Structure formats: C-alpha cells, structure tokens
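Predicted model only: the values in this text are computed from it and were never measured.
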Amino acid sequence: MRNYDHNSIERKWQEYWAKHQVFKAEFPSSKPKFYVLDMFPYPSGSGLHVGHPLGYIASDIVARYKRHIGYNVLHPMGYDSFGLPAEQYAIQTGQHPIKTTKKNILRYREQLDRIGFSFDWSRAVQTSDSSYYKWTQWIFLLLYNSWYNPRTQKAENIETLIYILENEGFNGIGCDILTGDIEEELLPFSSKDWQHFEYSKKQAIIMNFRIAYLGEAFVNWCPELGTVLANDEVKNGFSERGGHPVERKKMNQWSMRITAYANRLLEGLSDLGWRNSIKESQKNWIGKSEGCSLYFKIKGQPERQIEVFTTRPDTLFGVSFLTIAPEHELAKSLTTNSRKQEVEEYVNIAKNRTERERMTNVADISGTFTGSYAIHPITNKEIPIWVGDYVLVGYGTGAVMAVPAHDQRDYEFAKFFDLPILPVLENTSIDKNANEAKEGILCNSDFLDGLNVYQAMTAAIDYIKINNIGKPKINFKLRDAAFGRQRYWGEPIPIYYKNGIPEPVLEKDLPITLPEISIFSPTESGEPPLARAPNWYYMPNKGLCNPADDINLEGGMLETSTMPGWAGSSWYFFRYMDAENSKEFASKDALNYWQQADLYIGGSEHATGHLLYSRFWTKVLYDLGHLPCQEPAKNLINQGMIQGLSAIIYRTEGENTIVSKDARDKNTNYTALHIDINLVQGNEVDIEQLKNWRPADFENATYVLENEKLICSLEAEKMSKRWHNVVNPDDICNTYGADTLRLYEMFLGPLEEPKPWNTQGIEGVSRFLKKVWRLFVNESDGTVNLENLQPDQLANKSLHKLIKKITWDIENFSFNTSVAAYMVFINEMNELKCRNKEILSTFLLLLSPYAPHICEELWDLMGNQERISSAAWPIFDPKYIEESDFNYPISINGKTKLQIRFDLSLKQQEIEEILFSNKEFINILDGKTIKRVIFVKAKIINIVV
RNA sequence: GCGCAUGUGGCGUAAUUGGUAGCCGCGCUAGACUUAGGAUCUAGUGUUGAAAGACGUGGGGGUUCGAGUCCCUUCAUGCGCACCA
C-alpha cells in the first residue's frame, strides 16, 4: 500500500530544501539574474489566512520557473515588523512589542514554511532589527543632509546649497522658498548677509531645503492613537489602522520633501511595466495641474496683493469675485471693521470643523464677505473678496479667482450669495449650471474675443507675462509626507537637540537603538513614549548616555518621535541584495548585479503609500550616487484580494427563532447574524454544531426549517475574525496538502481579480493530484512501473502542447489556466494508457513550479539522481503539434456548408485546387463567383461569394 | 463628480488577442463497483426543441465575409481620488 501521503512528502522535501540550501541565490555569479520580489508582510497577531499567500504562490512559481530556464534567481522574504498593532497591544497589556513581534514572526515563518516556498531565507530581513534599522537611520541622515537642487533637478549634498548661499546668496538657488518658514523680510539675502547670519539662523534657513526636514505644517493628528499620520494613512477622515477620527493640526513635525520629486515621480511612471490602475492612482495622487498664478491688487492699498492660482486664464474676464480660504493669512487683515465680527465668527467655525465634518458637508455652501475689494489687473474693475471654506488653504495659493459662469463650485457659491455671473464663452447658458467645457469661442473678453479656448489661454498667459501681473505655474496635489510618529515601536530618528538646534547623530554612532521602557503610552505631559527613557541623550563619539552621569555641552537630548511604518519598507528590497553587510546598506557590487526587482507582486492597497515612497527614496539614493537605478521594480503585479465567504442566518426580531433563508416572511423583521463558515456545508447549516458553537444563543432557539434544512445566505466579504469567515492555510495543508493549496489558489481565477474563497472547489484539485500520483505509483504495492519505449506521436503532441501552454502561462501570469491544462493532459495520458518515462518525467518538470513537493517525490521514485528543482526546462518543439489530414469545415458567407479532408502542409493554392475539384463544393456554389477565400494559418475559414 | 477596471451557464471561469463560444473545476442528474460511503470510475449537463435546427457572451447601435474580443452609446458592479480652482 502506498497512497498519496502529502503530509510526509511535504515535510520530507521541505527539510531537504532547507538542509541543502537549494534556493540560495548565488553571488557573485556569471549567470543572468532575475529578482522576484514579494511585498513583505506585517506579522500580525492573527497569523496568515488563505488570502495572504496568493501573491507569494504566484511569485514562487515564477521564481522556480526562472531557475529552470537558467537564471540566478533572488527570491527573498522578510518582515515589516515595526507598526501600530504591536504597540497598541503593548499599551493594553504591558507586553513588550519585541516579544509579540518575535512570537508573530515565528508563527508566520511556520505557516509560510508549510506552503513550500523557494525563498532564500538566508537573506531575510526584519525592519525592527537594529542591524537593519541602522541603515534606515543612515538613509534618514542622508536625506537630512541633502537638498533638491532645482537647477540640476536632483538631490545633492547639503554642502552644495551652503556653497551657493555663501557665494551667491539666496538668488543663486534659482527657486522660490520650498516651505513658507523663512521670514519674508530676510528675502532675498545676499552672500554677504548670509555670512553674517548667526549659526542658528543659518541652520533654520537650511532646514527649509533639507529633504528630511523639521517644519511647521498642517498635519493629520489622530488623538486616539496619539500620533501624526501621513496622508495615505488617512481614509475618509479616519485612521487607516484602527479607524479613529483624524483632525488637522498645525505642528512642528519631521517631514519628507516628496513634493520636490513630484514631476519625476509622475514622469517615471511612463517607463514602468505596471498596471494602468496603479499608475493612474499615483498620477491622481500627485495631481499635476498646469495654469498660472495671478496677482490682484487690493483697493485702497496698492502695495498689497493677493495671489490666486487658475487653470483657466482664458476666463479672466469672467471673474466676478475672489474667494480666500478661512485659514488664509490675509483673511484677518482684509476684513473691514464693519464685517469684522461676522468674518471672525465664520473663520472660527470653519477652523473648528474637523476634517471629517468638512468632508461630509461638502454640499453645504458657506462663506462671508470681507468688505474689501480687489482690482481686476486688466479691467481695473472692483471685485469683492469673500471668505469661503470651499477653498482649501493647502492647495495652490489658498485663494481663487471665481468665474461662476465656467466653474461649478464658483457657480453654486455665486447663486447662493446672489453674486454676478459673467459668461465669457459664446452660447453659454447659466440657468442651471456652469459651463465647464473647454470649448467654444470667447466673448465679453476684450482682446480675447473671437479666439477659441486654447488660443485664448495662450494669449492670456502671454499678456500676463508681458504685463507682469502673474506667471505660468504648475501645481501638485501631492503634499510632503509627515515622517515623525509620537510612538515607541519604530526606528528612532537619529537627531539630537543641542541648544534647541537639531543636529544629526554621527554615522559611526549608528544605530541609535530603541531604549528599554516598560510603559508604552505617552507621558503625562503629552510627550512621546521615548521621553520616558532615562538615558535618551546623545553625545557625539559616545552614543547614548545618561545626562545625570555626563553633563557635557557637546551632546543633547535625542528626538523622541520615531519613524513611520513606511520608513523601513521604502528600501528593504535593496537590503535583500546584501543582507548581512555591516559596512554598507548593500555593497556596490551586489547593487550593480541585482539592480532592481524584475517582478514585484503585492496588493494594490499600497498604490499611493509604499509604492510612492519607495520610488521616492530610490530616486534620492540614485541621485546621491548610491544606486544604479531609479526605480525599485520594473514590473509590478497586484494580486486581487481573496475574500471570505460569510454565512448569515436570520433571527426573528424580539424572539429567539432562527428562520431558514427562504422560509422568511416578508412582513417580519429579521436580524442577520454572521455564523462560523465552518458550520456550513454548501448552504446548509449543521444545527447541532451551531448549538455547540454558541450554546447561549442557539441551544434553546426555535428553528423554522425548509425541507428539514436550515439554509443560510452566503456573502463574499473581507476575511476577518469579526465575520467568522477566516480560512487558515494550515487547515488546508493538513487536510489536502500544500501542493493542493498552491494549485487551488492559482486555479481560483485570474491572479489580479478579487475573488471569494470557496473551500468546496478544492476537491477537484485534490482529485487531480491523486490522479497524478496513481499515474506513477501502483498504490497496492507501491511500485513505479514506467516504460522506456519511444513515446508515441499522440502522447508527444499532448506533451508539447502542454510545454507551450505552461511556458506561455508563466511568462504572462496566466496561472489559472495552467491548472486546467495539467488536468487535460492527465486525462489524455489515462485515455492513451501512456506510461512513458520520458513523457511523464517531462510532465513532472512542467508541474513542479506549481506543485513542487509531489513532483520531487515522484521524480525521486523514478530513480533520478539529479533533483527536479535543478533540472532544465523542456523545450517546445512545434513539429509534434502540427496538425494534418483533418476534416475542416468550409463556410460560405459565414455558414458552414460542408467538411473537406485535406492536408494542412499544402500551400494555399493547392488547397484551392482540391476545393475546386470537389463536386459537392461546386454544387453548393451553384454558379456564383467567389469574391474572396479567407485563410487563417493555412486553414480555410470562410469563402465569400 | 473625475479616473481606472470588470460584466460569458446554477457557481468559479476558459477562449494566446478578430476565426467552430463555454476548456477545466465545483454543483447537479443517471449508472457501475460496493454491506456501506462525504472513496473510486463511467456517461450527461448554456437555453429551447422529439429531432433537424434555432437562439445565445449586461442592453442598444456600428465596422467586418466573420465580433465575447474592435468602435459608439447606455446600464450595472468593484476599486482609487474627490470642494484640487
């Protein structure tokens, strides 16, 4: 007796692979490289569910395949182990995050190992490991010591900035200030001025240019989590982790100047083989819009002006008022005495609205008149200045020129407050809506009259430039990324404060390791938890020290904020290339060889977070000469989420009666209850199990059945404990085996589609693998009897069809269709009663990327010395599948009329000759003349008469 | 509102890119072997029809000898962004 015992087979080969380091990437190597990267997981406390490995299985198939065709494959894995959940858990339980994280990582590793991935674990990284975050801190210092030079369009060492300031002064930089923090009266300063500035003033000015900088800005503050969040970590006004409300707050915060890279991040997209949806999300997030800024002088105060931004300079003559954001710096000073009370009230209400309230009440129109007027720069007409919260302080200049005839929001504002609406395009109706279309001929517009929209834009911009009333400008929606977190469980920011001035920690003193503390919540005075550490002081060349022992003017207190979760994940793919290096984040040689990921697989939820930050850091590192390439990954695939199937039963409201799905009454109200999906077979609930599951609820309930069955509804939802629909891959591995799990996850549907998990369908895949086993092994005596004869024509045809198909599938990420092809092949072999050694061993090789364990075992049982994982991929030979001597349908005008037997190796002309010697065919033609004969691949498809 | 996807049997899906729609699997029906089977094997399974055939890829229109595939339009679903001037 020898049945397919997946448990022992899988354990055996997993141990073999680990022991012999079969999947270790070579370096150095003379082979061509291929880098298959997965998004590394955050090791959460609930472990993996069957949705997590989907992308890993796909990438593993590619990695194994690429090894077979001769590449030196880098296929690593690691853990994104800093993050909020472990810390929240620490706050609640006092359990140190290191402990929870360690435990979770062990569990993840166990679960991953069971699935039989070909990861090179010798290169594993953990972002919370100090040997790793030493280099995250090193990169931070690099970013801190760099600035984006607008002249060269790249990041440079901060020394080049200082050199320019020393020699040319502010005007040598060639740009506006990058943040609004330099006191305006300082600008522009000369090189002489600069040389006379005090150290602290110089530092404050330089801070405005650093790529990692400390600055005052509106940030997303989450009071519940006690920390600042980046824009992508906020969804609809709530924190992505935990769903707590988020407010806008002005704070002095560490940020990353990603805005400097807006244009390069946008333009770099076109060369990437990424999916359109991801590229579009990033484009959307970066949000480039071209237009111009315009200056409006203020009536009675000709020395003062308001700058507005518009993308429609052609509508300049349609301006009937200006609107400024409530937070706009001029809001107060523009208000006349008579309007003072009203405006102040309005501004206060607007400021105190949370982000959430502002977003939900988008339809509400509110605003108030400041009492002041601006002067139209061309017509010199007086234009009232209003305050309105539909104008955002963070975008453009925080002020707009309102053209209600051609902008819907301005239109609604104008209607609401009964302000004039001036159309400047011919045939514009302003009864119901603004005319936002960028087409038509200008009217009421002085020198623009008669031009079309695009001509008018050009003409308007020319006029604006010549008369110096504004300038062309490009605006981005992208905001600088908040980088500091008022949290414990993250990389310490390697900055200390000497006399209140931030100073970088010396490179040789890295890493600054997390201090031991026992309470992880903020201090009583609201300081981040790191402020609790007694020795959170730094001295150059000495490292951490306790100020009580070492009071020394050379040192200072360390920064108490830590880095956000995305810091460690923005560069981990480079660390894999040389994971053990203690001298550099990775050696030049390793970086030059591995370059970048050739394939990156992960969830699309990281489109505007991780994937944007990674591209940003990669570009900075490239600019500064530390990397050979500008993008982290050439090709990116987003696997679709596997949803859980939730089981829902119905309880009559107010009674303890459970009613079967279709036995429900229309006039009764029911409460829908989620029950454990494991209690359900098909859509029938096992009532006895249900009673055992939650005796308190279901033991004494009354049941209304249909056909003596309790039927539930099934719904696809995100897998979560809350809905009792989580399927654990361990359970699947125990029952069916890892190979079945791998094949089934691929078989479920296209990799990139979201799809619900349905455990029933797995039986088919499981049967298939049992069939494969029986094809090789005689189960009654355990022998393997394969014949050594020359394979026959039909078997070879099946095999080569399969070689072609599987190779094409893997190259094109069409994994689901491979499984069907394997099944067809096995059925054909059974039909042909084929037990040919050559054919079947090639089949094993083709199946091995998908189901590696069973293939290794059968390959071994066949007596092969070499392991299947290092065998060469079979080569497709078209001679085996060329069809010949076959009945082909002949269609006339699209209708099938007859079948003719002919040899496909014939030339088109010869086929035509055969056709015309066929009497039946001549009959059908019935004297009509043939217009055209349509051939596809030497096969007649249609005849047009 | 803007952008990006996706619509094919009872269900998950296939159709290598414009060439015989429905491969493979689940489910279902019948049968075989069984004391029994939630094991295994065989046959059937888009709709309609006794059959020949006809009709069929969300709806409508178009291009083509030929459309699931291309174009226009419309509806539905999912995702992303959203008072971005």
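Judged by Watson-Crick or G-U wobble contacts below 3.5 Å, the nucleotide rA39(B) has no partner. As the counterpart of rG44(B), rC28(B) is assigned, both hydrogen-bonding distances of the Watson-Crick or G-U wobble pattern falling under 3.5 Å.
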Below 3.5 Å between N/O atoms, which protein atoms pair up with nucleotides 2-12 of chain B? Just atom names and distances, please.
from, atom 1, to, atom 2, distance (Å)
rG3(B), O2', Glu280(A), OE1, 3.2
rG12(B), O2', Leu748(A), O, 2.6

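Contact between the side-chain N/O atoms of Tyr390(A) and the OP1/OP2 oxygens of rA85(B) is not found at any separation under 4.0 Å. Between Arg275(A) and the phosphate of rC79(B), there is no side-chain N or O to OP1/OP2 separation shorter than 4.0 Å.
Among the protein residues, Val391(A) comes within range of the nucleic acid bases, having at least one heavy atom under 4.0 Å from a base atom. No engagement by Lys288(A) is indicated, since no non-hydrogen atom pair under 4.0 Å with the nucleic acid exists.
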Exercise. After noting the C-alpha distance and the side-chain angles of Tyr822(A) and Tyr850(A), does the key distance pass the ring-ring contact (aromatic ring centres under 6.0 Å, His included) rule?
Worked result: CA-CA 10 Å; Tyr822(A) 293 129; Tyr850(A) 287 78; 5.4 Å; yes
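Of the two residues near RNA chain B, Val393(A) and Asn816(A), the one whose nearest nucleotide lies more 5' is Asn816(A). Checking Ser814(A) against Thr608(A), the closest nucleotide of RNA chain B that is more toward the 5' end is the one next to Ser814(A).
Listed in residue order, the members of residues 817-825 of chain A having a heavy atom less than 4.0 Å from RNA chain B are Thr817(A), Ala820(A), Met823(A), Val824(A).
Salt bridge Glu763(A)/Lys770(A): absent, no basic N to carboxylate O contact under 4.0 Å.
Note: Phe825(A) and Phe843(A) have parallel aromatic rings, judged against thresholds of 30 and 60 degrees for the angle between ring planes.
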Show the atom names and distances, to 0.1 Å, of all donor-acceptor pairs under 3.5 Å that link a side chain in residues 317-326 of chain A to residues at least two apart or in another chain.
from, atom 1, to, atom 2, distance (Å)
Ser320(A), OG, Pro420(A), O, 2.8
Thr323(A), OG1, Tyr390(A), OH, 3.2

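Side-chain atoms of Gln305(A) do not come within 3.5 Å of backbone N or O of Tyr295(A) as any donor-acceptor pair.
With hydrogens and angles ignored, a donor-acceptor pair closer than 3.5 Å exists between the side chain of Lys805(A) and the base of rU16(B).
When distances run from any side-chain atom of Val400(A) to the nucleotides rA85(B), rU16(B), rC83(B), the shortest one goes to rA85(B).
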